[in-house]
Every structure is written in C-alpha cells, then in structure tokens.
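Following: one structure in structure tokens, then a few remarks.
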Protein chains: 2
Amino acid sequence: MNTLSYGLLAFLAREPGSGYDVMLKIQPFWQAKHSQIYPLLAQMEENELLTSYWIKQSEKPDKKIYSITDSGIRKLKEWMYMPLPDPITRDELSMKTFCMWMTDRDNAIEIVETRKAYFTRRLESFNSMLQKIPEEKRTFGNREFYDYILVQKGIFNATAGQDWCNWVLGMLKEQQATESQVQPAQ
Amino acid sequence: MNTLSYGLLAFLAREPGSGYDVMLKIQPFWQAKHSQIYPLLAQMEENELLTSYWIKQSEKPDKKIYSITDSGIRKLKEWMYMPLPDPITRDELSMKTFCMWMTDRDNAIEIVETRKAYFTRRLESFNSMLQKIPEEKRTFGNREFYDYILVQKGIFNATAGQDWCNWVLGMLKEQQATESQVQPAQ
DNA sequence: CAATGCATGTAATGCGTTACATGATTCC
DNA sequence: GGAATCATGTAACGCATTACATGCATTG
C-alpha cells in the first residue's frame, strides 16, 4: 500500500466509481496514468479493501465500478494516524532557472511565460471546482469543507507560482525596455 | 540525459565540485540521493560532458572533482531551448486532506501543524541562502540574479504553503473554541 | 479522415529509494 | 559509546511513464 493506493481508496470512500472516474478526479492533485491505477485497484480488490461489479454500456465501453469495503475504511482511518512525509516537487523550471544566465533573455522570458500559462490553466480548473461547492457547505462539519480546503490548497500554490512568474517577467522585461548593455551568452 | 542529469550539469557549469558537493547544493530544489547522483555523473563523464580528477585528503575521504567540458556547456545551452515540462508534485497531504472527514479534529490539526513546521524549516533555509547573495548582485546582468530568483521561487511557494496551513488551522481551531466551553488561549 | 474521449488492461523501460558496503573524524 | 558528517560506490526493489493492444462514437 503506497500513497497512491491510499489516495484512490480515499476517493472511493466518498462514492463508488470506475478506475477511469477516480483517475480523472485524482489527476489535479496526484499525477498518475491509468496504467498505474488499474493494477493498484485490482490488487486492493484482491486484498478485500474494494469490491467491484461490471456495468454494461451500449455505445461506450463497459465499466467496472469499485466500492470500498469496511476493511478498506478501517485501513484508511489507520493511515490518517501515520506520519506525514514531506512533499516531493520535481520542477525542471528550478533547474533551468539556475542556468538562465547561459541563454538569451528572450528565451528566459519564453520559459517563464510557458510556466505562467500553466498556472493560469490550473487556476481556471481549480476555480471551476470551487464553484461546484455551495458556500453554505464550506464550513467545518460538512464533508465538503475538506474538498473546499483542498481546492484552496491548489489555488494558494498556483497563485504563488503565478505571482513569482509575474515578478520575474517584470524584471526581465523592464531590462529589455531600458536596452541594457549586458550581452547574453551565446 | 534526464532532468536530474541536466540539473547536475547546471551546478557544475558554475564551478567544479564533487558528487557530494552537488548533492548538497541540489537538494533544496530537487530531492535526489547520492546513490542516484554518482552513477549519473560517471555516465556523463563517459559521454565526455564532464571530466574528473581525485583530490587526496588526510583525515577525510578522498574527493572526486568533476568539471564541465565544452561539450557539456553546449549540451546545457541546447537544453534551455527544449520544451518545459509541467512540474510534478506528490504530496500525501492532499490525499489526507481529502479524507480528513474520516478522522478526529485533533488529528487533522496535528497533520496540518506538521506541514506548517516543514514550511518554517524551509523558509529558514531559503532565507539563509538569500543572505548569502549581496543586494547589489540581485539585478539582471549578474549571474547571481538567477540564484536570487530561484531562492525566491522557494520562498514564494513555502510562504503560500504556510499561509494555507495557518488559514486551515484558524478554521479548525475556531471550531474547537466554540464547541468546548473552556479553552486556554494559545 | 484524423484526433479526441470513453474504457480497460499488460509489458517494457526508466526513475528513485532503501539497503548494503567501507572507514576515519568530530561532536554530544 | 553512539550519532552525525564527510565521501564514494553498487544492488535490489518499488514507483512511474511510455508503449502496446482493442474498439466504438463523436467532433473538427
């Protein structure tokens, strides 16, 4: 049982769904491909944390619907008391920022603009998730309270990322306007 | 050549150093163990992107110092024009937040406090890096400008993370105060 | 008529962590 | 006396991505 397995279990603890369903739901918070998810679900079914049945569909492929078992719920609750590992971030932008002095300013700007566009896309997606949570359910005591704070986690991070991009772009472009004498490495 | 390899090259493009040295420098921005780094450096040396020599030390183990070659510099510059992949974040806290409704409030608070402490540690480390960059070198045209914005990237993110923790803790503890009658101010 | 979405799965490969292996010095 | 730091490396294993495999419906 790795973190992704617990994550899948967590989504299925809310409502039953197919592998495809949970894949789409988990994507914004944990990047994982279907080829990793399907075997983990099958394995959890073998360990009796999940049960499944098939829904036959016409005009669409059949669906395998998973539901969490009592044993699965117990496992999840236990997991909530296990130590929280530090988050892992692998961002090529950090590595590229460190050697931006080797490239030209236009390229540096383009790199940061690319990342800014990414954060814009993400903020749009998080904001549309927010809209689906009614305001009266965004308080402690509702199950949706935790959906709300999770989406806000994404918004806080993406906003900070976007702020950083704008801050950097401001400095890079300001320089462009004043036509510096510094020659880029080539 | 994966991203980590390019990252190691990037650090060695600034100044020569041992595997151990680059490991320590890269850690705050890309988590990687020595067991992954040493083989990559050896591989890059075989591909003539790096050269190395041994320094014999008394009272400490000998050091293998790597330096970047012209071919290595060319490779890095090419890399700067390759498309920037989206960042990857794997944070168990996101998964646990999603099923906090299954556990007790005290446990939820402890989880978020743990993460807050992590961000505090990180901010301390980034701030001490900042202090090592003289203010007059924090402008475009200096090589240190990019060190500066990279450290700021970490600071922006850690600050956002800490803000989120405080925001969540405020809501969780507010609830605690109104539910039980007597709560000591802390 | 090519691409995308729906829907499930396996196989091969690459990336990352843990454990194994060694050994001196310094700090608590 | 035990842990941490310095310093390098290999081996085994687990996690993640890409590619292989199928097939129908819709959209541009």
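Proteins come first, then strands; the chains are lettered A, B, ... in the order of their sequence lines, and each starts at number 1.
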Whole angstroms only, please: what is the [atom1]-[atom2] distance between [X] and [N]?
{"X": "Asp86(B)", "N": "dT17(D)", "atom1": "CG", "atom2": "P", "value": "12 Å"}
{"X": "Glu92(B)", "N": "dC15(D)", "atom1": "CD", "atom2": "P", "value": "12 Å"}
{"X": "Ile37(B)", "N": "dA7(D)", "atom1": "CD1", "atom2": "P", "value": "14 Å"}
{"X": "Gln36(B)", "N": "dC15(D)", "atom1": "CD", "atom2": "C1'", "value": "12 Å"}
{"X": "Lys63(B)", "N": "dG9(D)", "atom1": "NZ", "atom2": "P", "value": "13 Å"}
{"X": "His34(B)", "N": "dT10(D)", "atom1": "NE2", "atom2": "C1'", "value": "9 Å"}

* Structure fact -> Result for 5'-nearest mapping on DNA chain D, choosing between Lys33(A) and Met1(A), is Met1(A)

* When you match Ala32(A) and Lys60(A) each to their closest nucleotide on DNA chain D, which lands nearer the 5' end? -> Ala32(A)

* Ionic contact status for Arg105(B) with Glu110(B), cut-off 4.0 Å -> no

* Asked: Is Asp147(A) salt-bridged to Lys137(A), going by a charged N under 4.0 Å from an acidic O?
  -> no

* Classify the angle between the aromatic ring planes of Phe140(A) and Phe145(A) as parallel (below 30°), tilted (30 to 60°) or perpendicular (above 60°). => perpendicular

* Using a 4.5 Å cut-off on heavy atoms from C-beta on, say whether the side chain of Lys63(B) contacts that of Asp21(B). => yes

* Residue whose closest nucleotide on DNA chain C lies nearer the 5' end, Asp62(A) versus Pro39(A) -> Asp62(A)

* Hey, does Ser35(A) reach any base, or is it just sugar-phosphate, or nothing, if we go heavy atoms under 4.0 Å? -> base

